[in-house]
Student: 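This is the structure, below, for whatever I ask next.
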Amino acid sequence: MINKIYRSAAEAVEGIFDGATIMISGFGEAGSPIELIHALIDQGAKDLTIVSNNTGSGHVGLAALIENKRVRKMICSFPRTANSTVFPELYRKGEIELELVPQGTLAERIRSGGAGIPAFYTPTSYGTPLAEGKETREFNGTMYVMEHAIRADFSLVKCKSADRYGNLIYNKTARNFGPIMCTAAETAIVQAKEIVEPGEIDPEIVVTPGIFVKRVVEISNPLEESQLVKEGRSYPW
Amino acid sequence: MINKIYRSAAEAVEGIFDGATIMISGFGEAGSPIELIHALIDQGAKDLTIVSNNTGSGHVGLAALIENKRVRKMICSFPRTANSTVFPELYRKGEIELELVPQGTLAERIRSGGAGIPAFYTPTSYGTPLAEGKETREFNGTMYVMEHAIRADFSLVKCKSADRYGNLIYNKTARNFGPIMCTAAETAIVQAKEIVEPGEIDPEIVVTPGIFVKRVVEISNPLEESQLVKEGRSYPW
Amino acid sequence: MVDKSIKGWSRNEMAQKVALDIQDGAYVNLGIGMPELVADFVPEDREFIYHTENGLLGMGPAPKEGEEDPELINAGKKPVTAIAGASFFHHADSFTMIRGKHIDVCVLGAMQVAENGDLANWSTGEPHAIPAVGGAMDLVAGVKTIYVITQHTTKEGEFKIVKECTYPLTGQKVVDRIYTDLAVIDVKEEGLFVKELGPGITFEYLQEKTGAKLNQY
Amino acid sequence: MVDKSIKGWSRNEMAQKVALDIQDGAYVNLGIGMPELVADFVPEDREFIYHTENGLLGMGPAPKEGEEDPELINAGKKPVTAIAGASFFHHADSFTMIRGKHIDVCVLGAMQVAENGDLANWSTGEPHAIPAVGGAMDLVAGVKTIYVITQHTTKEGEFKIVKECTYPLTGQKVVDRIYTDLAVIDVKEEGLFVKELGPGITFEYLQEKTGAKLNQY
């Protein structure tokens, strides 16, 4: 019987290795898999390349992973947000690398990684500093930039409901990067607010088909990042 | 008030012009918008380029459009199926053009057309006759073929439910090319089995957001292509 | 310094001008900050559908206090609501809407706009700044019509409408129209054309406050 | 002509051999025709998830008579069912599964297989044939493991396993293993290796029926 359910976040992140590339879902705190990230901090893998839209806030979740010096390089579109101090400090000190990618190009590079498309052309960033050093090409009178797919060894994703096959549905704008990150990783690891029986998620409304997911763990009461930031908490507690 | 609802299939296909490129959803009969196609036959536009996975069967729907000499060129992956005689006969006589595209490449070219991606690389068809004359390129030791986006002037699509904003959901494997074809046309025209009030389709399960759809018409009892073929019917009746 | 005796338009008036220029039924993406004000001035006989690039079409107004959902937010990471007829989708689909030219109008702020429509609004290029681009480059590359809403000059009185941008570009030749406190200016192939002057603003005064040549229709 | 006194495997036995070589939990795409038989021989302690490229993961067996739904079909356009835990999706997402190397095994028929793994299974290249490729080229380019199931020779006794394909290719160097009525043959960098001989089949007999050099492990 296919059963992708893991008993704990700690078990779900087993095998993540030093130097791995990891995609982390979320747009700000919405969709950020905070329990998986904390389990990854406990697990100890370092020298990581993280692909995520932001760099976390306060001293929990992704910001804590960075603060604990596990991250060599960030690939993201918007590394500074409200209450985001950890990344900017390390970046100014030259202690962390940044590859800045326009948000839509980031999404399409991830989607391409999952879809077996090694490269594509986009009008985004043409003529700007973010296109410097990149191939450009004209199609039908418009100039485009060639961009390469991104793939990851692991993805850490948060969703609303999952079943033992790895089928997922999400909650509102917490969906964001989750579905495409599941497709682009060798091993997609997902925390779900609830695990349900196969068939309870109508086949018509599945957002991430189980084929894209390797591990699922139920985290029924996930922490709220903004609440922890407000309380001034730091991970590890 | 935004209202994309049209009163009849005839009104919904108004303005389709001679020489237009039209995408038609469906995989065989599943998802084929037969009432819209028949309305297009009545409407009279000719010299069309049709993008569709197959070429229709019997003498109704897409096969009837072809039989009535409205189609200059087919872009498809599988032009012969059971009960498909119209296209093969015209093709052998040299009276219709064919651009044969692998099914996944067809899907990705349409998806790219809708997503503002002019071209991409795919491993599919490398080293085969379908890659002849196309640019190839190596990425990470594997060879790929460059493929261009396809866009259309119109798409004719069948779905299950729609609202006045053009939000759509589909039925089972009749979904197939519908969602991507809506994105890739200037004017996506959709026949729905039912039109519902905004909000009746849960925002979490919308498959085609209304932004991709221009016209919607309710066809509550669509004809079944296979039934018509069995009965030996021909359109126009 | 800006001459305080010169009136011009208020921020709300600027936003209202933008709203009046958007057609009924338009799909609209509003940038963070002053662009968000546009939603307060939609004429009663028009319906706009708001897109937010983090995965919602049919964004509604801010929720009542106490009804905020941290998983229902806009691109500025502020709580929002969803209208009846909204839809949620993932980021690749969201930028299909943007890059694929499905969105009709995007209203953005600016650091600089050049006379050829070049826009700079994401970075001052200072060596110690943390660069952050978000979806701005995708929006200007993909949305059909780009409206910029901005004060005509910086607080220090420096030109924001210039011959050539000195800040790093967000996109080349992308801006269609500029709404400032002093004027509405069309960006055309042939240059900048003043569509409307603010209350009490003369063409000559406007030209003085502008770092590029202005034309009259 | 095929010597009728030589026994070899039946179609069902061939399909069973394929099924035994697929791991528990595998995502599997079965081509039209003989490959479909594989689903009848899944060992009891294994669960395969079937993908059909027209937009269904978790395809179940054919429905009972009278319960067919023309909008629930497989790639061969035959009525099927969906298991609990299935999902429907559009064509671009379906081929993300294929091209993105998410599907573990594809079982396909063949017109010709070359000793280097080249596969021809979509066209005889005859001038008046209607070419039709469907998803075959995407499957062989994207699926991790490609198994071919085919009679060892054509009805006319012509070689199907050859030094070089004469028919138009479906893909280059894509086949991993060939299951015929006479043998199971691995396609390796160094050439074709006989993994198993059918009942009553000798290596010499097999070589006679094969248009490329066979190797013994």
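Below, chain A is the first sequence line, B the second, and so on; all start at residue 1.
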Student: Less than 4.5 Å to any heavy atom of chain B: does that hold for the side chain of D/A82, its backbone, both, or neither?
Tutor: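 No part of it gets close to chain B.
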
Student: Relative to chain D, which segment of B/Y170 carries a heavy atom at a distance below 4.5 Å: side chain, backbone, both, or neither?
Tutor: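 Contact with chain D is absent: no heavy atom of B/Y170 under 4.5 Å.
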
Student: Output the option from B/G127, B/A30, B/G178 having the highest count of non-hydrogen pairs under 4.5 Å with chain D.
Tutor: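 Result: the option with the highest number of such pairs is B/G127.
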
Student: With distance as the sole test, does B/H38 use its side chain to make a donor-acceptor pair with the main-chain N or O of B/G61 at under 3.5 Å?
Tutor: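 Indeed, once roles are kept as given, a pair shorter than 3.5 Å links the two residues.
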
Student: Please determine, among B/A131, B/P123, B/S77, the option with the most heavy-atom pairs under 4.5 Å with chain D.
Tutor: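 Ranked by contacts with chain D, first place is B/S77.
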
Student: Please flag which part of B/T105 lies under 4.5 Å from any non-hydrogen atom of chain D: side chain, backbone, both or neither.
Tutor: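 Both parts, heavy atoms under 4.5 Å.
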
Student: Flag yes if more than 12 heavy atoms outside D/E196 fall under 6.0 Å of its CD atom; otherwise flag no.
Tutor: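 More than 12 within 6.0 Å, yes.
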
Student: Residues in side-chain hydrogen bond (donor to acceptor under 3.5 Å, both in side chains) with B/Y235, at least two apart?
Tutor: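 For B/Y235, the residues satisfying side-chain hydrogen bond (donor to acceptor under 3.5 Å, both in side chains) (neighbours in sequence not counted) are B/D42.
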
Student: Can B/E99 and B/R109 be counted as an ion pair, charged N to O under 4.0 angstrom?
Tutor: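 Looking at B/R109 together with B/E99, the answer is yes, because their closest N to O distance falls below 4.0 Å.
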
Student: Under 4.5 Å heavy-atom distance to chain D, tell me which part of B/K160 shows up: side chain, backbone, both or neither.
Tutor: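 No part of it gets close to chain D.
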
Student: Of all residues at least two apart in sequence or in a different chain, which pass the side-chain hydrogen bond (donor to acceptor under 3.5 Å, both in side chains) check with B/E194?
Tutor: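 By the side-chain hydrogen bond (donor to acceptor under 3.5 Å, both in side chains) rule, B/E194 matches B/S161.
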
Student: Does NZ belonging to D/K163 count more than 12 external heavy atoms closer than 6.0 Å?
Tutor: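 Atom NZ in D/K163 is not packed in, count stays at 12 or less.
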
Student: Could you please state which residues from residues 41-72 of chain D sit under 4.5 angstrom from chain B, measuring non-hydrogen atom to non-hydrogen atom, sorted by number, or 'none'?
Tutor: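 Under the 4.5 Å heavy-atom cut-off, D/E53, D/N54, D/G55, D/L56, D/D69, D/P70, D/E71, D/L72 qualify.
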
Student: Can D/K209 be said to sit on top of D/F159's aromatic six-ring, NZ or CZ under 6.0 Å from centre and within 45° of the ring axis?
Tutor: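 So D/K209 doesn't make the cation-pi contact.
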
Student: For B/L106, is it the side chain, the backbone, both, or neither that has a heavy atom closer than 4.5 Å to a heavy atom of chain D?
Tutor: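 No part of B/L106 comes within 4.5 Å of chain D.
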
Student: What part of D/F95 gets within 4.5 angstrom of chain B, counting heavy atoms only: side chain, backbone, both, or neither?
Tutor: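 The side chain, not the backbone.
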
Student: Does the ring centre of B/Y121 sit less than 6.0 Å away from the ring centre of B/F139?
Tutor: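 Yes; B/Y121 has its ring centre under 6.0 Å from that of B/F139.
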
Student: Among the options B/G31, B/C76, B/P88, B/S226, pick out the one with the most heavy-atom pairs lying under 4.5 Å from chain D.
Tutor: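 The option with the most such pairs is B/P88.
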
Student: What part of B/V207 lies closer than 4.5 angstrom to a heavy atom of chain D: side chain, backbone, both or neither?
Tutor: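 It is neither, since no heavy atom gets under 4.5 Å.
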
Student: Who among B/P102, B/S125, B/A174 has the most heavy-atom pairs with chain D under 4.5 Å?
Tutor: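 Answer, by heavy-atom pair count under 4.5 Å with chain D: B/P102.
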
Student: Using the rule side-chain contact (heavy atoms from CB on, under 4.5 Å), only one of B/I75, B/I180, B/I150 pairs with B/M23; which is it?
Tutor: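 Exactly one pass, corresponding to B/I150.
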
Student: Under a 3.5 Å cutoff, is there a donor and acceptor pairing between the side chains of B/S220 and B/K193?
Tutor: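 Result is no, nothing qualifies.
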
Student: Check whether B/E224 gets within reach of chain D through its side chain, its backbone, both or neither, counting any heavy atom under 4.5 Å.
Tutor: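 Only the side chain of B/E224 comes within 4.5 Å of chain D.
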
Student: When rounded to the nearest 0.5 angstrom, what is the spacing between CD1 in D/I178 and CG in D/L192?
Tutor: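 These two atoms lie 5.5 Å from each other.
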
Student: Rounded to the nearest 0.5 Å, how far does CH2 of D/W9 lie from CG of D/L182?
Tutor: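 Separation between the atoms: 8.5 Å.
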
Student: In terms of heavy-atom contacts, does CD of D/E164 have more than 12 from other residues, nucleotides or ligands at under 6.0 Å?
Tutor: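 Not buried by this count: 12 neighbours or fewer within 6.0 Å.
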
Student: Is the number of heavy atoms from other residues, nucleotides or ligands under 6.0 Å of D/E189 CD greater than 12?
Tutor: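 No, CD of D/E189 has 12 or fewer neighbouring heavy atoms, counting only those of other groups under 6.0 Å.
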
Student: Against chain D, work out which of B/I110, B/N53, B/N54 has the most heavy-atom pairs shorter than 4.5 Å and name it.
Tutor: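 The option with the most such pairs is B/N54.
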
Student: Which bit of B/Y126 comes within less than 4.5 Å of chain D, counting heavy atoms only: side chain, backbone, both or neither?
Tutor: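 Both parts, backbone and side chain.
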
Student: To the nearest 0.5 Å, what is the distance between CD on B/Q103 and CE on D/M137?
Tutor: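 It comes to 12.5 Å.
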
Student: If you count heavy-atom pairs under 4.5 Å with chain B, which of D/G142, D/G171, D/P131 comes out on top?
Tutor: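 Of the candidates given, the most pairs with chain B belong to D/P131.
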
Student: Using a cut-off of 6.0 Å, state whether more than 12 heavy atoms not belonging to B/K230 lie near its atom NZ.
Tutor: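 No - once you tally the heavy atoms of other residues, nucleotides and ligands closer than 6.0 Å, there are 12 at most.
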
Student: Measure across B/A63 and B/S57 and return the closest heavy-atom pair with its distance rounded to 0.1 Å.
Tutor: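 Nearest pair, atom of B/A63 first, then B/S57: CB-O, 3.6 Å.
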
Student: Anything in residues 96-120 of chain D with a heavy-atom distance to chain B below 4.5 Å? Please list those residues in order.
Tutor: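 Expected list: D/R99.
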
